[in-house]
Amino acid sequence: MQHWSVLESMSHLKIMEGNVKGGIDMKYETAEQLLIKAKEAHNKSFGEIDCNNRLRKSQKGVFGHVIEESHFGYEINSNSEPDFKDLGIELKVTPIKQNRNGSYSAKERLVLNIINYMEEYDKTFETSSFWKKNQKLLLMFYKWLPKVEPRELKIVQSILYEYPEEDLIIIKRDWEKLSRYINEGKAHLLTEKEFEYLSPCTKGANKNSMREQPFNVLKAKQRAYSFKSSYLTSIIREMVESEPLTYFSTKQELKQKTIEQLLEEKFEPYIGMTRDEMAAKLGVTITPKHKSFIPSLISTLLGVKGTKLDSIAEFEKANIQFKTVRLQPNGKPKESMSFVNIDFHEVAQESWEDSFLYNYFSETKFLFVVFQYDEQENLYFKGIQLWQMLEQTIETDLFAYWAEIRRVVNAGIKLEKKKRGISNNLPGSKFNGKFHVRPKGKDSNDKVSLPDGQMITKQCYWFNADYVANLLKGEE
DNA sequence: GCATGATCATGC
DNA sequence: GCATGATCATGC
């Protein structure tokens, strides 16, 4: 199946314009015509497109309506059929954002139709409302920019999307898991975390929007099918960068096992070996302090030697980042774990929902590759652990950490010259026992500016070593 | 001995 | 030149 049906050949465009530019009743006879029409919206802002003045107030979800009505001349429907019924194509208008390093990501998850527990329970994947409505998608991306009026935002790219076979295996398994929840009368216990690509996100006017479920008197939160933003990001990356992703698993393996199980199986044979034995067995050359040693170990072990970890499909699609952990004989890491450097201007302005911390830790799964030193300082491979921060930790400890950094930055960081270096009053390792702020740069002269004009040695988000030790034990 | 400030090395 | 994984080193 060809899943990228991006039409770059515009040779038909002239011929088609005559048919396509019509009144409200126009029809799009082929997917290609539809895509050509979609591309006419590129580089136009919503303000330019919106002829019914729907953007008066910036209510959510209105972007899709503007495109449907004003650009395609279709009436808005919210029934169970795809938007372009005859073609079986559902239209989705969704934001992308540019990251600090220049790459693009989905700004948010892609919300699809609401799950009616009362109707979905006796369906198969093929007869489900998800599949009926979202089998083929016309994705139109607009570029989100902070603090820019909705009417100024522009459509930048459109694609027709059909699921690659490998992804469909996982999407189907996610659907089946969801279906089991409903059939076992557990719809009220659904959470997003345990789903891989397709997950049931909450949707409603507020968190009190509840729905009946067929096999339990307890009402369940109203939820909609959604693609996790990491999955959507992988679609965007593949669209922008032409570099294809490499799968380490075969379709057969994906059918039988989750990515987590597959990873565990692949790493299992090496548990208990020293790092050098692992390297020898895999034919990876160790150069001491060679930064790329662990990544090349991982890619070799997964059978995709030479592939950058960013290009491994399963990692990209599930947004899995790896981290090496070196434990001391007592089970505690010697060092704290660092993440990205703090952009203080960003922190000072952003809301919690737009913050780097919130987004990064609610979307990222970590593959911890754990080594442990014995008393003789030999380094042994202990195993792997796939981990994601608990929602509760995000809402309490991580939020407090973010709020404190923000408070201190906005009040003006107190910098104090000490015997050794310059100290500050950003949250330290005793703040809440989990996270702290610490410098990370080339040296103490490697500085960035603060919103109040002061300069500070580059600072970084860190996990306390104790927190890492605890989460590896499953106690967060 | 831990907390915290500093810095090195590598890869892009 | 910069980001990032890794680690050092001082002083309380």
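So you know, we letter chains A, B, ... as the sequences are listed, proteins then strands, and number each from 1.
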Checklist entry - Taking NZ, NE, NH1 and NH2 as the nitrogens, is one of them in E166(A) or K317(A) under 4.0 Å from a carboxylate oxygen of the other? => result no
Checklist entry - Quick one: does I235(A)'s side chain get under 4.5 Å of F227(A)'s, heavy atoms only? => result no
Checklist entry - Of the nucleotides dA3(B), dC8(C), dT4(C), which one has an atom closest to the side chain of N341(A)? => result dT4(C)
Next on the checklist: What is the separation between atom CG on D446(A) and atom P on dG1(C), rounded to the nearest whole Å?
Outcome noted: 12 Å
Checklist entry - When you measure from every atom of DNA chain B, which of residues 397-425 of chain A have a heavy atom less than 4.0 Å away? => result R420(A), G421(A), I422(A), S423(A), N424(A)
Checklist entry - Roughly how many Å is it from NZ in K334(A) to P in dG5(C), rounded to a whole number? => result 18 Å
Checklist entry - For E335(A) and dT7(B), what is the distance between atoms CD and P respectively, to the nearest whole Å? => result 16 Å
Hey, can you pull the donor-acceptor pairs under 3.5 Å for the side chains in residues 386-393 of chain A, sequence neighbours left out?
residue : atom : partner : partner atom : Å
W387(A) : NE1  : E476(A) : OE1          : 3.3
Q388(A) : NE2  : S362(A) : O            : 3.0
T393(A) : OG1  : E476(A) : OE2          : 2.7

Checklist entry - Roughly how many Å is it from CD1 in I342(A) to C1' in dG5(B), rounded to a whole number? => result 14 Å
Next on the checklist: Counting only heavy atoms and a strict 4.0 angstrom limit, can you tell me which residues of residues 447-470 of chain A come near DNA chain C?
Outcome noted: K458(A), W462(A)
Checklist entry - When the distance from CG of N445(A) to P of dT7(B) is rounded to whole Å, what number comes out? => result 8 Å
Next on the checklist: I want to verify a distance call: between dG5(C), dC8(C), dT4(B), whose nearest atom is closest to the K323(A) side chain?
Outcome noted: dG5(C)
Next on the checklist: Between E176(A) and R173(A) (salt bridge meaning N to carboxylate O under 4.0 Å), is one present in this structure?
Outcome noted: no
Item to check | Interface residues of residues 434-444 of chain A with DNA chain C (non-hydrogen, below 4.0 angstrom) | outcome: R438(A), K440(A)
Next on the checklist: If you define the side chain from C-beta out and look only at heavy atoms, does anything of V409(A) sit under 4.5 Å from I342(A)?
Outcome noted: no
Checklist entry - Do the numbers put K228(A) on top of the ring of F195(A), so that NZ or CZ is under 6.0 Å from the six-membered ring centre and no more than 45° off the axis? => result no
Checklist entry - Looking at side-chain heavy atoms only, is the closest gap between W352(A) and I394(A) below 4.5 Å? => result yes
Item to check | S199(A) side chain reached by D174(A) side chain, heavy atoms, under 4.5 Å | outcome: no
Item to check | Working for ring pair (Phe, Tyr, Trp, His ring centres under 6.0 Å), residues F361(A) and Y401(A) | outcome: CA-CA 13 Å; F361(A) 288 108; Y401(A) 174 62; 8.8 Å; no
Checklist entry - Should D50(A) and K44(A) count as an ion pair when the cut-off is N to O under 4.0 Å? => result no
Item to check | Length of the line joining Q328(A):CD and dT7(C):P, which is rounded to integer Å | outcome: 12 Å
Item to check | Evaluation steps, ring pair (Phe, Tyr, Trp, His ring centres under 6.0 Å), between F399(A) and Y358(A) | outcome: CA-CA 8 Å; F399(A) 174 76; Y358(A) 174 75; 9.4 Å; no
Would you be so kind as to tabulate the donor-acceptor pairs closer than 3.5 Å made by side chains of residues 258-271 of chain A, with sequence neighbours excluded?
residue : atom : partner : partner atom : Å
T258(A) : OG1  : Q261(A) : N            : 3.1
Q261(A) : OE1  : T258(A) : N            : 2.9
E265(A) : OE2  : K257(A) : NZ           : 3.2

Checklist outcome for this item: Rounded to whole Å, CE of M337(A) lies from P of dG5(C) at a distance of 10 Å
Checklist entry - In terms of ring plane angle, is the pair Y360(A) and F366(A) parallel, tilted or perpendicular, where the classes change at 30° and 60°? => result perpendicular
Checklist entry - Which residues within residues 359-384 of chain A lie with some heavy atom under 4.0 Å of an atom in DNA chain B? => result none
Checklist entry - Roughly, in whole Å, what's the span from CZ in F431(A) to P in dT4(B)? => result 13 Å
Next on the checklist: Within the structure provided, determine whether F356(A) and D343(A) are in side-chain contact (heavy-atom separation under 4.5 Å).
Outcome noted: no
Checklist entry - Would you say T324(A) reaches dA6(C)'s phosphate, i.e. side-chain N/O to OP1/OP2 under 4.0 Å? => result yes
